K.L.:
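My structure is below; once you've seen it, I'll send some questions.
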Amino acid sequence: MVAVPDALFAHPRLAAVYDAFDGDRADLDAYLRLVEGVGARHVLDLGCGTGSLAVLLAGRGIRVTAVDPAAASLAIARAKPGAEQVDWHHGDATSLPDTAADLALMTGNAAQVFRTDDDWHTALRGLHNALRPGGRLAFETRQPAYRAWEEWAAEPPVTVRDVPGIGAVEQRFELTGVALPYVSFRFTYTFPDGAVVGSDSTLRFRDRAEVEHSLAACGFELLDVRDAPDRPGREYVFLAARPG
Ligand SMILES: C[S@@+](CC[C@H](N)C(=O)[O-])C[C@H]1O[C@@H](n2cnc3c(N)ncnc32)[C@H](O)[C@@H]1O
């Protein structure tokens with residue numbers, strides 16, 4: 001059975017406004033440079049969501065296989081200009097196509113959606129199998145020590161965006177629980193027609209040693225742990241290899 005993602009990604013009305021609330025995606029620049037740096041010709045994008053990275057890569061002539069369990073997010077992705085060049089898959093790490101990819105990516109802190117050790121290890125093993133020998137894996141996860149949830153809770157709880165084709169949509173944020181390593185929050189969206197749709201999420205915050213251990217346990221060789229250039233001191237960006 002395919003994983004059941006949060007409403008934020010899986011509800012059609014929330015998937016339709018996701019990009020509008022997701023900022024300018026300056027975070028993706030470092031991944032574009034990474035793809036170029038490792039000379040990847042075929043990239044696997046796990047947890048591709050609304051496909052922001054996948055279409056950028058495809059536009060640069062990179063072959064992209066993009067996978068996500070949220071059908072509503074994939075529908076948004078498939079409607080983007082250039083989407084026809086991407087190989088989209090509705091699925092998760094347990095059903096990855098046999099890509100023999102040069103590089104697998106999880107952007108937007110997608111790694112934090114894997115809450116249990118079992119799910120996380122299953123994802124890493126699936127990615128390992130989907131890479132060619134010598135292929136690379138890169139992903140980011142928020143540094144627990146930065147305590148991002150305190151920043152989230154201190155920000156104004158309401159954001160309004162004018163979403164093309166939809167109108168003014170209000171997003172309300174509420175931190176609903178901190179029980180480390182888990183942090184829970186709720187988004188509530190109010191649409192111009194009065195509809196109110198909520199989404200509850202719980203993310204897992206893993207420390208560096210824990211991630212390094214899990215990578216080794218799943219057959220990866222750790223190459224580097226970097227900062228995210230657009231979010232210094234806040235993220236760990238792991239680069240690992242499936243040994244050749
Ligand atoms: C925060 S979003 C990031 C989306 C995208 N990578 C980006 O940078 O815009 C997390 C994504 O992980 C997906 N997801 C949730 N559970 C998953 C699972 N078990 N396997 C793969 N992806 C999953 C969600 O559907 C969602 O699209």
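For ligands, and for the atoms within them, numbers begin at 1 and follow the listed sequence. Since the structure is predicted, the reported quantities are computational estimates derived from the model, not experimental observations.
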K.L.:
Quick one about Gln112 and Arg142 (side-chain donor to acceptor, distance below 3.5 Å, no hydrogens or angles considered), yes or no?
P.N.:
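Indeed, the side chains of Arg142 and Gln112 share at least one donor-acceptor pair under 3.5 Å.
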
K.L.:
Should Arg132 and Asp102 count as an ion pair when the cut-off is N to O under 4.0 Å?
P.N.:
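A salt bridge links Arg132 with Asp102.
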
K.L.:
Got a sec, which pairs hit ring-ring contact (aromatic ring centres under 6.0 Å, His included) with one end in residues 58-108, sequence neighbours left out?
P.N.:
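Matches after skipping sequence neighbours: none remain.
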
K.L.:
Does ligand 1 have a heavy atom under 4.0 Å from the side chain of Ala3, from its backbone, from both, or from neither?
P.N.:
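Side chain only; the backbone of Ala3 stays clear of ligand 1.
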
K.L.:
Could you tell me whether the side chains of Asp6 and Ser201 share a donor-acceptor contact shorter than 3.5 Å?
P.N.:
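Yes - a donor-acceptor pair under 3.5 Å links their side chains.
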
K.L.:
At what distance is the nearest protein heavy atom to atom 27 (O) of ligand 1, and which residue and atom is it?
P.N.:
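Going by distance alone, atom 27 (O) of ligand 1 is nearest to Asp68 OD2, 2.6 Å.
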
K.L.:
For Cys48, take its heavy atoms, then give the atoms of ligand 1 lying under 4.0 Å from any of them.
P.N.:
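This gives 5 (C) as the contact atoms.
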
K.L.:
Closest non-hydrogen protein atom to atom 2 (S) of ligand 1, residue and atom name please, with distance?
P.N.:
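In this structure, atom 2 (S) of ligand 1 has Phe9 CE2, 3.4 Å as its nearest protein heavy atom.
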
K.L.:
My understanding is that only one of Val67, Asn129, Leu131 makes a side-chain contact (heavy atoms from CB on, under 4.5 Å) with Leu96; could you say which?
P.N.:
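Answer after filtering Val67, Asn129, Leu131: Val67.
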
K.L.:
Give the residue and atom name of whichever protein heavy atom lies nearest to atom 17 (C) of ligand 1, and the separation in Å to one decimal.
P.N.:
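Ranked first by proximity to atom 17 (C) of ligand 1 is Pro69 CG, 3.5 Å.
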
K.L.:
With a heavy-atom distance limit of 4.0 Å, tell me whether Arg25 approaches ligand 1 through its side chain, its backbone, both, or neither.
P.N.:
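The side chain, only.
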
K.L.:
In terms of atom number and element, which parts of ligand 1 are under 4.0 angstrom from non-hydrogen atoms of Thr107?
P.N.:
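Listed by number with element: 3 (C), 5 (C), 6 (N), 7 (C), 8 (O).
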
K.L.:
Any heavy atom of Ser73 sitting closer than 4.0 Å to ligand 1?
P.N.:
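Distance cut 4.0 Å: Ser73 fails for ligand 1.
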
K.L.:
With sequence neighbours excluded, give me every ring-ring contact (aromatic ring centres under 6.0 Å, His included) pair touching residues 197-239.
P.N.:
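Listed once each, the pairs are His128-Phe220, Phe139-Phe238, Trp149-Phe205, Tyr236-Phe238.
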
K.L.:
Are any side-chain N or O atoms of Arg115 and backbone N or O atoms of Thr202, one a donor and one an acceptor, separated by less than 3.5 Å?
P.N.:
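At least one qualifying donor-acceptor pair exists.
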
K.L.:
Taking Arg204 as the fixed residue, which of Asp119, Asp118, Asp117 is the one that meets the salt bridge (Lys or Arg N to Asp or Glu O under 4.0 Å) rule?
P.N.:
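Exactly one candidate clears the test, Asp117.
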
K.L.:
For Phe187 and Phe21, I'd like to know if the aromatic rings sit close, meaning centre-to-centre distance below 6.0 Å.
P.N.:
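Ring centres of Phe21 and Phe187 not closer than 6.0 Å.
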
K.L.:
Give the numbers and elements of all ligand 1 atoms closer than 4.0 Å to a heavy atom of Tyr18.
P.N.:
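Listed by number with element: 1 (C), 2 (S).
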
K.L.:
Considering heavy atoms of the protein only, find what lies nearest to atom 16 (N) of ligand 1 and give residue, atom and distance to 0.1 Å.
P.N.:
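Checked against all protein heavy atoms, atom 16 (N) of ligand 1 sits closest to Val113 CG2, 3.6 Å.
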
K.L.:
Give the atoms of ligand 1, by number and element, whose distance to some non-hydrogen atom of Ala70 is under 4.0 Å.
P.N.:
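Listed by number with element: 25 (O).
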
K.L.:
Does Asn109 come within less than 4.0 angstrom of ligand 1, counting non-hydrogen atoms of the residue?
P.N.:
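Checking ligand 1 against Asn109, which is what was asked, there is no heavy-atom contact under 4.0 Å.
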
K.L.:
Could you point out which residue of Ile62, Val64, Thr65, Leu57 forms a side-chain contact (heavy atoms from CB on, under 4.5 Å) with His42?
P.N.:
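One option only clears the test, and that one is Thr65.
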
K.L.:
Can you confirm, on distance only, whether ligand 1 has an N/O atom lying under 3.5 Å from any N/O atom belonging to Gly47?
P.N.:
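Yes.
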
K.L.:
Numbering the atoms of ligand 1 from 1, which are under 4.0 Å from a heavy atom of Phe114?
P.N.:
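It comes down to these atoms of ligand 1: 18 (C), 19 (N), 20 (N), 21 (C).
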
K.L.:
Among all the protein's non-hydrogen atoms, which is closest to atom 1 (C) of ligand 1, and how far away is it?
P.N.:
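I find the closest protein heavy atom is Gly108 O, 3.3 Å.
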
K.L.:
Give the atom numbers and elements of ligand 1 that come within less than 4.0 Å of a heavy atom of Asp92.
P.N.:
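Numbered from 1, ligand 1 contributes 20 (N).
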
